[in-house]
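Remarks on the structure that follows.
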Amino acid sequence: MRRKLVAGNWKMHGLKADLGEVRAIAAAVPGSVDAALCLPFTLIASAVEAAGALQIGAQDVHEAEKGAHTGCVSAAMLVDAGAGLTIVGHSERRADQHETDNQVKAKGEAAHKAGLRVILCVGETLEERDAGRAEQVVTAQVAASLPEAASAEWLALAYEPVWAIGTGRTPTEADVAAMHGAIRAKLRELVGGEAERLRILYGGSVNGANAASLLGCADVDGALVGGASLTAEKFVPIIEAAAKL
Ligand code: PGA
């Protein structure tokens, strides 16, 4: 039985004035699910103090331990700030920063080496889905960006169709179940029995109204939530929906 994980991704939103939302979300986390918020780097240290059972993470990490990489943040720095996890390979970074599968894999490995848990994102574009290539694209991303020695102790995956992110559109329940099943089958090839323990989150326009049906799909072990994670009013109902499953 895989315990549900609901993770929020604040993207480039959030100032110190918003720490009250972190506190309100933290106060509502039930004991039966894992809940996390991946915040801008600038909020991590202060959020950790307010977080309680809510895990605080980052949205990216550099693959190198240290060095001449102006503006970047290492895994050790995230640990030092109190983060417990990080997202790697979000489609916005794959697109905007041209991150490759190889680089995403290296980021996941660097994060794990420093003691962070990792949420690895994969997902197809609308063109790829319309061309009938969604499963092929996503399972290839899994194979190429999965860190070495992947284990459910520290790794979760997130399937996020690019066309569902921030658009209010979601795949059908059948499409979600089919893709999560395909990802799990690829994981069996790659890591054998550990595939049954690895959590696969769904992400893309998850909200309080659709969370129960999306989280109830076969092989869906949680959610990665963008816009609806910014306030306790919107995010807590998603965490509660996961807790009821
Ligand atoms: P969204 O974003 O929930 O706003 O669609 C999800 C994500 O990008 O992780």
Side-chain angles (χ1 to χ4, degrees), residues 4-14 18 21-22 25 33-41 43-44 47 54-61 83 85-99 104 107-108 111 116-126 128-129 134 137-138 141-142 145 155-173 175-176 179-180 183 199-217 220-242:
K4 294 274 191 282
L5 166 62
V6 179
N9 171 13
W10 275 21
K11 307 191 181 183
M12 201 167 71
H13 300 284
D18 301 302
E21 296 296 338
V22 177
I25 293 164
V33 289
D34 292 331
L37 269 185
C38 296
L39 296 173
F41 293 134
L43 282 185
I44 290 173
L54 179 67
Q55 303 165 28
I56 299 298
Q59 302 163 19
D60 178 50
V61 63
L85 74 154
T86 185
I87 294 171
V88 299
H90 191 281
S91 60
E92 286 156 14
R93 295 198 59 85
R94 289 178 185 260
D96 298 352
Q97 326 296 331
H98 313 290
E99 289 187 3
V104 170
K107 283 171 183 267
L116 294 168
R117 293 180 302 285
V118 173
I119 298 175
L120 163 64
C121 300
V122 294
E124 84 284 359
T125 64
L126 190 58
E128 289 161 344
R129 174 154 291 264
V137 166
V138 168
Q141 283 177 343
V142 171
S145 52
L155 182 70
L157 287 85
Y159 166 58
E160 299 202 302
V162 175
W163 50 272
I165 294 177
T167 60
R169 290 182 59 193
T170 53
T172 64
E173 289 174 37
D175 283 346
V176 171
M179 183 62 84
H180 281 239
I183 293 171
R199 291 184 286 195
I200 308 173
L201 317 183
Y202 167 78
S205 294
V206 177
N207 58 43
N210 64 20
S213 59
L214 288 164
L215 283 158
C217 293
V220 174
D221 307 310
L224 182 56
V225 185
S229 71
L230 291 171
T231 62
E233 188 189 358
K234 290 186 173 163
F235 195 41
V236 170
I238 301 172
I239 298 171
E240 286 173 348

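Reckoned from all heavy atoms, side chains included, excluding hydrogens, waters and symmetry mates. Remember, it's 1-based here, ligands and their atoms both numbered in the order they're listed.
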Practice problem: For residues Val118 and Ala111, report the shortest heavy-atom separation together with the two atoms involved. | Solution: CG2-CB, 3.6 Å

Exercise. For Ser205, take its heavy atoms, then give the atoms of ligand 1 lying under 4.0 Å from any of them.
Key: 1 (P), 3 (O), 5 (O)

Quiz item: For atom 3 (O) of ligand 1, which protein heavy atom lies nearest, and how many Å away is it?
Solution: Gly226 N, 2.8 Å

Exercise. Would you mind listing which atoms of ligand 1 come within a distance below 4.0 Å of any non-hydrogen atom of Gly227?
Key: 1 (P), 3 (O), 4 (O)

Quiz item: Can you tell me which residue and heavy atom of the protein come closest to atom 7 (C) of ligand 1, and the distance to 0.1 Å?
Solution: Glu160 OE2, 3.1 Å

Quiz item: Is there side-chain contact between Met12 and Gln59, with at least one heavy-atom pair below 4.5 Å?
Solution: no

Quiz item: Between atom OG of Ser145 and atom CZ of Arg94, what is the distance when rounded to the nearest 0.5 Å?
Solution: 4.5 Å

Self-check item: Close side-chain approach of Asn9 and Glu160, heavy atoms under 4.5 Å
Solution: no

Quiz prompt | Closest approach of Ala7 to Ile119 (non-hydrogen atoms, all atoms of both residues) | solution = CB-CD1, 3.7 Å

Quiz prompt | Ligand-side contact atoms (ligand 1) for residue partner Gly204, heavy atom cut-off under 4.0 Å | solution = 5 (O)

Self-check item: Enumerated ligand 1 atoms positioned under 4.0 Å from heavy atoms of His90
Solution: 7 (C), 8 (O), 9 (O)

Quiz item: Quick one: which ligand 1 atoms are inside 4.0 Å of a heavy atom on Asn9?
Solution: 9 (O)

Quiz item: So is Gly166 close enough to ligand 1, meaning a heavy atom under 4.0 angstrom away?
Solution: yes

Quiz item: Parallel, tilted or perpendicular: which fits the ring planes of Tyr202 and His180, with parallel below 30° and perpendicular above 60°?
Solution: tilted

Quiz item: In terms of atom number and element, which parts of ligand 1 are under 4.0 angstrom from non-hydrogen atoms of Ala164?
Solution: 5 (O)

Quiz item: Is ligand 1 less than 4.0 angstrom away from at least one heavy atom of Ser91?
Solution: no

Quiz item: When rounded to the nearest 0.5 angstrom, what distance separates CZ in Arg117 from CG in Asp34?
Solution: 8.0 Å

Quiz prompt | Min heavy-atom dist Gly203 to ligand 1 below 4.0 Å | solution = no

Quiz item: Of the backbone atoms (N, CA, C, O) and the side-chain heavy atoms from C-beta on, which set of Ala158 has a member under 4.0 Å from an atom of ligand 1: side chain, backbone, both, or neither?
Solution: neither

Self-check item: Residue pair Lys234 / Val225, side-chain heavy-atom distance below 4.5 Å
Solution: no

